[in-house]
Amino acid sequence: MHTEHDWITTPLTADLLRGALDLERTEHGLLPHRLPARARAQNTNAQLAMAEAQPSGVRLVFRTAATAIELDTLRTKRDYAGFPPRPDGLYDLLVDGRPAGQAAGNGGNVLTLDLATWEGELTPGPVGTVRFTGLPAEEKDVEIWLPHNETTELVALRTDAPVAPAPDRGRRVWLHHGSSISHGSDAASPTAVWPAIAASRGGVELINLGLGGSAMLDPFTARAMRDTPADLISVKMGINIVNQDAMRLRTFGPAVHGFLDTIREGHPDTPLLLVSPVHCAIHEDTPGPTAPDIDEIGKGRLVFAAMGDPAEKAGGKLTLGVIREELSRIVRQRAADDPNLHYLDGLELYGASDAAELPLPDNVHPDAATHRRIGERFGELAFTEDGPFAARS
């Protein structure tokens, strides 16, 4: 800890956090969750348990005249056996809505996953500290966006001036659910995840339920969305269903209807945007499942391949092309009685021509430049005057 400041320690409480649906008290501090306790109790999948505890879109928000801030956290970083360590998660600082600093996490636990079995080995580590200094001394709104790809327990917040919860600025709340692409995959930092970029362009408060590998039409996720106050809602679905070869066409359509029905129980008139998958060449016409390419792993590269056979579409196996057709059909059918339901073709966010210019490095996940492109396009298509999320007087 720097000793040149007279530090004030502020208790970490719910009124200082945005973007989380639940907060768990742990032996170390406060663990933000992006699914409520009831949903977590019904989940048996380890990947989802890890994903929902990674705080994509979660941020500390407060008002202060502090010139220096320290945040103690206990992170859990994910690495892959046989590969170089992944980059440290980043904390993005915004002051009055503008970028004002960035710091890497340190210390913490490391979970090393075996790509062949997806079993993990946890190596414990110490609490770390991120610091921001040299801030303007006047009163200001401060946001610290937590790493989107590291489980982060909040241990202590110190400042050299008092902290108060930031006032409500009256911005609309956008609740979004999607896959690892929405979660952040290989985005540059937490405010560079595509939903965060789109939220900034739209001037809205983001609740990001992008859950890596887990946009699976789970009923408990639909119930969480039903019960979460929101002014705008979007659901981006398809790629994980194909990745895990989880459904056939016969079950997919009714599951989509059920998911939307549940959301509508709590949000009968809220603008609701259904978004189909972005372009992914390996699965446009080839079903899943998706698996790491063993030959590429031998070369030290993590690249994914489609393991299905295009001929299996005739038996009801799903491809991204099939899913887009089905989602479009479902929205056309339902919109006759639900004028606030809208459809966005994911190819408008990232299509084949974009893939030629900005290919997916591992054949599935976008890089930082592609996150920015998707976020900016979503902002243009959804939040502008003619978009489904346009501000209404």
Side-chain angles (χ1 to χ4, degrees), residues 5-23 25 29-34 36 55-73 91-103 130-148 152 154-176 189-193 195-209 227-233 267 270-271 379 382-383 389-393:
H5 297 285
D6 293 325
W7 293 108
I8 300 169
T9 299
T10 299
L12 291 159
T13 52
D15 57 359
L16 298 180
L17 276 161
R18 295 182 187 169
L21 296 193
D22 193 17
L23 300 173
R25 286 287 173 187
L30 200 63
L31 176 61
H33 287 280
R34 293 187 296 128
S56 182
V58 179
R59 59 268 186 207
L60 283 164
V61 182
F62 50 89
R63 189 148 182 87
T64 185
T67 63
I69 300 170
E70 289 190 342
L71 180 64
D72 291 346
T73 66
Y91 295 73
D92 283 344
L93 176 72
L94 304 184
V95 171
D96 291 331
R98 295 182 294 273
Q102 194 173 73
V130 293
R131 299 181 179 88
F132 299 101
T133 59
L135 307 181
E138 66 267 15
E139 287 286 327
K140 55 194 170 292
D141 288 338
V142 170
E143 300 178 36
I144 302 174
W145 287 62
L146 305 179
H148 61 283
T152 304
L154 303 172
V155 178
L157 173 66
R158 292 181 295 276
T159 53
D160 61 357
V163 161
D168 184 354
R169 301 300 184 189
R171 304 204 307 174
R172 296 178 297 166
V173 174
W174 170 34
L175 175 63
H176 173 72
S189 74
T191 58
V193 169
I197 293 169
S200 178
R201 291 179 69 92
V204 297
E205 292 284 348
L206 173 66
I207 301 175
N208 186 11
L209 298 189
D227 299 337
T228 300
D231 302 294
L232 310 164
I233 300 174
H267 302 276
T270 303
F383 290 104
F389 289 170
R392 311 297 182 193
S393 57

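Here, residue 1 is the first one in the sequence, and each next residue gets the next number.
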Looking at every non-hydrogen atom in both residues, tell me the closest pair between [X] and [Y] and how far apart they are.
{"X": "Ala20", "Y": "Pro32", "result": "CB-CB, 4.1 Å"}
{"X": "Gly203", "Y": "Arg171", "result": "O-CD, 3.4 Å"}
{"X": "Gly19", "Y": "Ile207", "result": "O-CG2, 4.1 Å"}
{"X": "Pro190", "Y": "Ala196", "result": "O-CB, 3.7 Å"}
{"X": "Ile197", "Y": "Ala192", "result": "CD1-O, 3.4 Å"}
{"X": "Gly379", "Y": "Ala198", "result": "N-CB, 4.2 Å"}

Item checked: Partners meeting ring pair (Phe, Tyr, Trp, His ring centres under 6.0 Å) with Phe383 (sequence neighbours left out) ->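 Counting only residues at least two positions away or on another chain, Phe383 forms a ring pair (Phe, Tyr, Trp, His ring centres under 6.0 Å) with Trp174, Phe389.
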Quick one: does [X]'s side chain get under 4.5 Å of [Y]'s, heavy atoms only?
{"X": "Glu143", "Y": "Thr191", "result": "no"}
{"X": "Ser200", "Y": "Leu206", "result": "no"}
{"X": "Thr10", "Y": "Leu16", "result": "yes"}
{"X": "Thr270", "Y": "Leu175", "result": "no"}
{"X": "Val142", "Y": "Leu60", "result": "no"}
{"X": "Leu209", "Y": "His176", "result": "no"}
{"X": "Pro271", "Y": "Ile233", "result": "no"}
{"X": "Thr152", "Y": "Val58", "result": "no"}

Check: Taking it one step at a time, do Tyr91 and Thr73 satisfy side chain to side chain contact (heavy atoms under 4.5 Å, CB included)?
Finding: CA-CA 11 Å; Tyr91 295 73; Thr73 66; 2.9 Å; yes
Check: Quick one: side-chain contact (heavy atoms from CB on, under 4.5 Å) partners of Asp227, sequence neighbours excluded?
Finding: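 Partners of Asp227 by the side-chain contact (heavy atoms from CB on, under 4.5 Å) criterion come out as none, since no residue qualifies.
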Note to self: Going by the rule side-chain contact (heavy atoms from CB on, under 4.5 Å), which residues pair with Pro99 if we only count those two or more places apart in sequence or in a different chain?
What the structure shows: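 Applying side-chain contact (heavy atoms from CB on, under 4.5 Å) to Pro99 gives Leu94.
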Reported [atom1]-to-[atom2] distance for the pair [X] and [Y], which is rounded to 0.5 angstrom:
{"X": "Leu21", "Y": "Thr228", "atom1": "CG", "atom2": "OG1", "result": "4.5 Å"}
{"X": "Leu12", "Y": "Phe62", "atom1": "CG", "atom2": "CZ", "result": "9.5 Å"}
{"X": "Leu71", "Y": "Leu93", "atom1": "CG", "atom2": "CG", "result": "11.0 Å"}

All salt bridge (charged side-chain N to carboxylate O under 4.0 Å, His left out) counterparts of [X], not counting sequence neighbours:
{"X": "Arg59", "answer": "Glu205"}
{"X": "Arg98", "answer": "none"}
{"X": "Asp22", "answer": "Arg40"}

Notebook entry, point to check: Would Val193 and Trp145 count as a side chain to side chain contact (heavy atoms under 4.5 Å, CB included) if you check the C-alpha gap in whole Å, the side-chain angles of each, and the deciding distance to 0.1 Å?
Noted result: CA-CA 11 Å; Val193 169; Trp145 287 62; over 6 Å; no
Next item on the list: Could you tell me whether Arg158 and Asp72 have a side-chain N and a carboxylate O separated by less than 4.0 Å?
Entry: yes
Is there a donor-acceptor pair closer than 3.5 Å between any side-chain N or O of [X] and the backbone N or O of [Y]?
{"X": "Arg131", "Y": "Ala68", "result": "no"}
{"X": "Asp160", "Y": "Thr67", "result": "yes"}
{"X": "Asp15", "Y": "Pro165", "result": "no"}
{"X": "Asp92", "Y": "Gln102", "result": "no"}

Margin query: Between Leu30 and Arg25, does the side chain to side chain contact (heavy atoms under 4.5 Å, CB included) criterion hold? Intermediate values first, please.
Written below: CA-CA 5 Å; Leu30 200 63; Arg25 286 287 173 187; 3.5 Å; yes
Note to self: side chain to side chain contact (heavy atoms under 4.5 Å, CB included), that's the test. Do Val163 and Ile8 meet it? Break it down for me.
What the structure shows: CA-CA 9 Å; Val163 161; Ile8 300 169; over 6 Å; no
